[in-house]
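Read the structure below first, then the notes.
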Amino acid sequence: MAGFASMGVREIQVGLASKDFSAREVAQAALERIAKCDDEVHAYLEVTEELALQAADQIDEALASGKSPAEIGPIAGVPIAFKDNMNLKGTHTTCSSRMLESYVSPYTATCVARAIQAGGIPLGKLNMDEFAFGSSTETSAFGRTHNPWDLERVPGGSSGGSAAAVAAGLATVTLGSDTGGSIRQPGSFTGTVAVKPTYGVVSRYGIVAFGSSLDQVGPFARSVEDAALTLNAISGHDPLDCTSQPVDTDFTANLAEGAKGMRVGFVPAFMEAQGLEPEVKAIVEQAAKHLADAGAELVEVELPNAQAAMSAYYVLGPCEAFSNLSRFDSVRYGYCDPGHKDLGSQYEASRANGFGPEARRRIMLGSYLLSAGVYDKYYYPAQQVRTLITADYTRAYEKCDVILAPVSPRTAFKFGEISDPTSMYLSDMFTISINIAGNGGMSLPAGLGADTHLPVGVQLIGPQFKDENMFRAAAALEQVYGKAPLAPAFA
Ligand code: GLN
């Protein structure tokens, strides 16, 4: 079937309803395109052909029995793929780590199960930074993913495979996870709509945990509506994750309302931040103007403690990661280094050889930060900073409905260009405070940078559990920018 790659959810569903094509044909077209193009992109770690065709056949049966696509589910017949930290029974879940190279999921994550339940056609598992530590997907043990806009450049990370797959039309929508920016930054680098919902909107059950108090799953798509439909499919309370909330929001409900009357917060300190590239700044300012032209009221807001978010994150994140990753002990889970006579040396060698350098750095940092005497100096103050940042956001939303900000200080960089960890960490200077506070944030493609001619996203940040606000503002901006195109080399 021709033209699958550029189709959105509605177009697929109209085609299915009018019998222009079957769900099996959609699945086959997607699989063929992956076979043809993914050598260049390397978004996929595993392609689940059999599962895809099975799911497609079920949809075709439901259609034949007289059901409409919408009755089958919000993403019926839509090719979808999952970051490789999400369990899907019978497939590998490697987290792009040697540690889990041979791990096969015995069960399915709630968000993945819901996506398939909602009619998604599961295409496979997507590359990422090892255990989601990183901003470039370069730390994957299984090779790097290329940015479809420029194959010499990174797609961002850690959900780089999820972003690249959508930008290259190797899936209609994908799921990623975001602990400090891992959905939004690759969204910005690849020109895709990339949503990190409020903490608690999507169940984390079955996602390999990095920072349990920060991790949140969300969609990538080439339109705001497709992202909203996907979030509709995966959100809501799950008895298997006590931090998930009874959210039954229809995220598509106010997409047509426009920005008229919305109060859009603007944070002057963000725009003065060191390292923010002029071409990115210009695009954020232009987006503010577009929102104002559409009838929104721009208001200045302050987040006085947000500049401490990075420091707090690199305490809290490693502490939680250290605790979560202790389960990969070569006995219960994970790579087991052969030939050791005692348990101590088996543990040591397995963890030293199973984890890559960035994962080891985070684990050691977390171990140190939680040790006696050190805990009071770092962990405790970081939690206090967390409270202050959360209060900043609460105060800001007394004055506005959504905040407009940069996503990343720059556009996609070249492989190997950023080699020291601290510079890499700065990729998330505008995204981390949102995870710390628990709010929702999304990256909306807002054109190409004037200097690099690469995609730039603008960030819309909503109040907690009012993610529909950011969707509304994003839809208003999409009216101006148009839907996200496929990367030119893949169009
Ligand atoms: N880049 C950040 C980090 O390395 C965020 C990662 C993420 O959101 N998973 O921790």
Side-chain angles (χ1 to χ4, degrees), residues 5-11 147-150 155-156 163 166-169 172-173 183-196 218-231 251-252 254-260 262 264 266 271 277-296 298 401-408 410-412 430 441-462 467-488 490-491:
S6 58
M7 286 186 185
V9 173
R10 296 282 188 213
E11 286 155 299
N147 190 321
W149 286 80
D150 177 350
V166 168
T172 309
V173 297
I183 291 176
R184 290 159 287 162
Q185 183 255 18
S188 179
F189 278 18
T190 58
T192 49
V193 180
V195 183
K196 184 207 89 77
F220 288 85
R222 288 186 305 272
S223 75
V224 174
E225 186 184 39
D226 286 5
L229 287 164
T230 309
L231 189 56
F251 297 98
T252 66
N254 59 8
L255 297 186
E257 273 175 38
K260 194 168 168 43
M262 278 193 106
V264 177
F266 201 70
M271 303 306 284
E277 290 293 336
E279 60 171 358
V280 176
K281 184 175 176 178
I283 282 188
V284 179
E285 283 168 351
Q286 198 187 48
K289 197 170 165 300
H290 289 321
L291 285 169
D293 289 347
L298 293 181
D401 306 306
V402 69
I403 293 173
L404 174 71
V407 178
S408 164
R410 56 170 298 174
T411 54
F430 300 116
M442 68 191 276
S443 177
L444 180 87
L448 305 182
D451 303 322
T452 58
H453 307 291
L454 290 166
V456 176
V458 294
Q459 190 174 198
L460 296 156
I461 309 160
D467 297 297
E468 59 274 24
N469 290 13
M470 64 187 187
F471 275 104
R472 178 180 163 193
L477 282 174
E478 193 183 53
Q479 292 287 320
V480 181
Y481 297 118
K483 288 184 185 175
L486 289 169
F490 295 87

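Since we're looking at a predicted model, the values are computed, not measured.
- Under the 3.5 Å distance criterion, the side-chain polar atoms of Asn147 are matched with a main-chain donor or acceptor of Phe189.
- Nearest heavy atom pair, residue Ser408 against residue Gln185, reads CB-CG, 4.1 Å.
- Here the shortest heavy-atom pairing between Gly169 and Ala5 reads O-CB, 3.8 Å.
- The backbone N or O of Ala476 lies less than 3.5 Å from no partner atom in the side chain of Gln479, so there is not a single donor-acceptor pair.
- By the salt bridge (Lys or Arg N to Asp or Glu O under 4.0 Å) test, Glu478 is found to be paired with no residue, residues two or more places apart in sequence or in another chain being considered.
- No donor-acceptor pair under 3.5 Å is formed between the side chain of Glu225 and the backbone N or O of Leu255.
- Across all non-hydrogen atoms, the minimal contact from Ala194 to Gly187 is CB-CA, 3.7 Å.
- Looking only at side-chain heavy atoms (C-beta outward), Trp149 and His453 stay at 4.5 Å or farther from each other.
- Taking the side chain as every heavy atom from C-beta outward, Ser443 and Val458 never approach each other to under 4.5 Å.
- Taken from CG in Leu404 to CG in Leu477, the straight-line distance is 7.0 Å, to the nearest 0.5 Å.
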Verdict with reasoning, Leu448 to Val456, per side chain to side chain contact (heavy atoms under 4.5 Å, CB included)
CA-CA 6 Å; Leu448 305 182; Val456 176; over 6 Å; no
Go through the steps for Val193 and Phe220 under the test side chain to side chain contact (heavy atoms under 4.5 Å, CB included), then give the verdict.
CA-CA 6 Å; Val193 180; Phe220 288 85; over 6 Å; no
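- The two residues Thr190 and Ala163 make their nearest non-hydrogen contact at OG1-CB, 3.5 Å.
- Rounded to the nearest 0.5 Å, atoms CG (Asn469) and CD1 (Ile461) are 12.5 Å apart.
- Minimum interatomic distance between Gly191 and Pro455 (heavy atoms only, all atoms of both residues): N-CB, 3.4 Å.
- Taking each heavy atom of Gly457 and Ser188 in turn, the nearest pair found is N-OG, 2.9 Å.
- Val195 places a side-chain heavy atom less than 4.5 Å from the side chain of Met470.
- For the pair Thr252/Phe471, no side-chain contact is recorded, criterion being any heavy-atom separation below 4.5 Å from C-beta on.
- Looking only at side-chain heavy atoms (C-beta outward), Gln459 and Met442 stay at 4.5 Å or farther from each other.
- At a threshold of 4.5 Å between non-hydrogen side-chain atoms, the residues Phe251 and Asp467 count as touching.
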Does the side chain to side chain contact (heavy atoms under 4.5 Å, CB included) test come out yes or no for Val407 and Phe430, once each step is laid out?
CA-CA 6 Å; Val407 178; Phe430 300 116; over 6 Å; no
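- How far CG of Leu460 is from CG of Asp401: 12.0 Å, rounded to the nearest 0.5 Å.
- Side-chain N or O atoms of Glu279 include one that pairs as donor or acceptor with a backbone N or O of Ala450 at under 3.5 Å.
- Here the NZ atom belonging to Lys196 is positioned 8.0 Å from the CD1 atom belonging to Ile183, to the nearest 0.5 angstrom.
- Ring pair His290/Tyr481 is perpendicular by interplanar angle, where above 60° counts as perpendicular and below 30° as parallel.
- Here Arg472 pairs with Glu257 in a salt bridge; the nearest charged N to carboxylate O distance falls below 4.0 Å.
- In this structure, NZ on Lys483 lies 10.5 Å from OG on Ser6, to the nearest 0.5 angstrom.
- Scanning for salt bridge (Lys or Arg N to Asp or Glu O under 4.0 Å) contacts around Asp451 gives an empty result, with sequence neighbours left out.
- The structure places OG1 of Thr172 at 9.5 Å from CD of Glu11, a figure rounded to the nearest 0.5 Å.
- Contact check on Asp226 versus Arg222 returns no salt bridge, with no Lys/Arg side-chain nitrogen under 4.0 Å from an Asp/Glu carboxylate oxygen.
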